[in-house]
Amino acid sequence: MGGEEPSRVAARAPRSGPLVPAARRPPAACAAAGPADDLPDGLLVADRDARVVVFNAAAVRMTGTTAESALGGDFRDVLPLHDADGRDWWKFLAPYDGLSTRTRHPERVLFLPDGTELLVTAGYRRDRTGRVERFTVCLRDAVQRARRERDRADLVSTVAHELRSPLTSVKGFTATLLAKWHRFNDDQKRVMLETVNSDADRVTRLITELLDVSRIEAGRLEMRRQVVDLPAAVRKVLAGRVAAGDPEDRFRFEVRGALPDLWLDPDKIDQILGNLIENAVRHGAGTVTIVVEPTAHEEGAAVSVRDEGEGIPPEAAQRVFRRFWRGPGGNRRGGTGLGLYIVKGLVEAHGGGIAVRRAPGGGAEFRFTVPAGAPDHAG
């Protein structure tokens, strides 16, 4: 934010006269924040005399300074900011005395006197002579950025952990087979190759999940909607589970009532159902029950996936759809912790919702809804 040396800038902009307290200034000079109070970011606007004319509700919340005491005050007194080296940022920057060609300053981490960390950007509006007419400062809470950075660190850690195990296995078995091929019989070779194949599938699944997470967070999910027979989609997923070795009597499927036409993305619906049923089989116990029924006002369909296991503690119900949630104990055998996060993103991309509660049989019940009706552009 600016590149001038501190020794070359003036400490204060010249003032055109004594400041008038906000309560005694003309109404036009003490404009209320108005629509600016609707902004999620803090906003401070100073006039050509460095007096604060806008100080919105978010700025009040972030700084602890009331709008009444801020309006009319010199902005450098209202918003004293220091950099990480403890320098008074406004003395260093000299907004009103610096280069007349400056138009804005990129986002920078700065600190209030009490140590509160803020992300600060600033911009200028100048008259024809280059003099500052308005100086605008935007503030953001640095806590959200810190949380995103921690999330990125968690993602890198998870990816590193999840990739290390299967890749070590693939490398080890491949190297062993290449070096000692003739020492193993056919059954031993088959076991090794099946392990390599399974671990390669695991890596592929992880990469697919990471791509889904990226698309969900960026809002770039592509929906290819068409009329989907939801009960048929459930039956297909269950048939796949049975073919993969799950006992057929582990599942019970019910359809209750006639369903409206559902315009859905069939691949994403298969992914939603597959993840929820996989979650019930892996983490639950007893019979897994899937119920498909119209919603209360027949404006869509609801799908419930229930198990008879220990269920999810009520205090954890709000966290199950977060990235990397693994339940009590944080057991990594359950996968990456991304499955339910992806399910929630896919359901919401359809315009539906998902929630978890205690099932009638005592386990967990995941229930999601999808709306009926044709989209504007069916693809």
Side-chain angles (χ1 to χ4, degrees), residues 1-2 4 6 9-98 102-125 132-152 318:
M1 251 170 87
E4 299 174 74
V9 297
R12 287 278 176 168
R15 297 180 181 175
S16 58
L19 290 180
V20 181
R24 301 207 309 260
R25 285 186 290 113
C30 184
D37 279 337
D38 296 332
L39 296 174
D41 297 336
L43 178 67
L44 178 152
V45 179
D47 63 13
R48 64 172 60 243
D49 297 317
R51 296 173 177 175
V52 176
V53 295
V54 174
F55 198 74
N56 75 345
V60 171
R61 173 177 53 79
M62 293 179 191
T63 65
T65 300
T66 65
E68 291 76 11
S69 62
L71 292 169
D74 187 287
F75 79 93
R76 290 156 291 199
D77 297 327
V78 172
L79 188 64
L81 292 173
H82 299 81
D83 64 13
D85 297 323
R87 294 179 296 186
D88 183 328
W89 187 245
W90 302 129
K91 288 183 179 180
F92 176 79
L93 196 65
Y96 287 74
D97 300 318
R102 292 186 298 184
T103 59
R104 63 179 298 274
H105 298 292
E107 188 174 78
R108 183 184 182 96
V109 176
L110 296 172
F111 302 87
L112 292 171
D114 64 0
T116 300
E117 186 176 348
L118 296 174
L119 303 174
V120 182
T121 57
Y124 301 85
R125 188 174 77 186
V132 176
E133 286 187 324
R134 291 174 79 86
F135 182 60
T136 302
V137 182
C138 292
L139 311 172
R140 286 186 177 178
D141 192 338
V143 172
Q144 294 297 328
R145 171 173 287 189
R147 185 177 293 116
R148 288 196 299 270
E149 290 175 350
R150 287 195 299 272
D151 286 346
R152 282 195 289 268
Q318 299 301 317

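Keep in mind the model is a prediction, meaning the values are calculated, not measured.
The minimum heavy-atom distance between F135 and G123, with the atom names listed, is CD1-O, 3.5 Å. For P113 against P80, the heavy-atom pair with the smallest separation is CD-O, 3.3 Å. When all heavy atoms of Y96 and R48 are compared, the pair lying nearest together is CE2-O, 3.4 Å. Heavy atoms only, all atoms of each residue included: F75 and L44 are closest at CB-CD2, 3.8 Å. Between M62 and D141 the shortest heavy-atom distance is CE-N, 3.9 Å.
Rounded to the nearest 0.5 Å, atoms CZ (R125) and OG1 (T136) are 8.0 Å apart. Rounded to the nearest 0.5 angstrom, W90 CH2 and D97 CG are separated by 13.5 Å. Rounding to the nearest 0.5 Å places CG of L139 at 10.5 Å from CD of E107.
Side-chain contact between D37 and L43: absent, with no pair of heavy atoms (C-beta onward) separated by less than 4.5 Å. Looking only at side-chain heavy atoms (C-beta outward), W89 and V120 stay at 4.5 Å or farther from each other. A heavy-atom distance below 4.5 Å is not found between the side chains of R108 and L81.
Between D47 and R51, none of the side-chain N atoms (NZ, or NE/NH1/NH2) sits under 4.0 Å from a carboxylate O, so this pair counts as no salt bridge.
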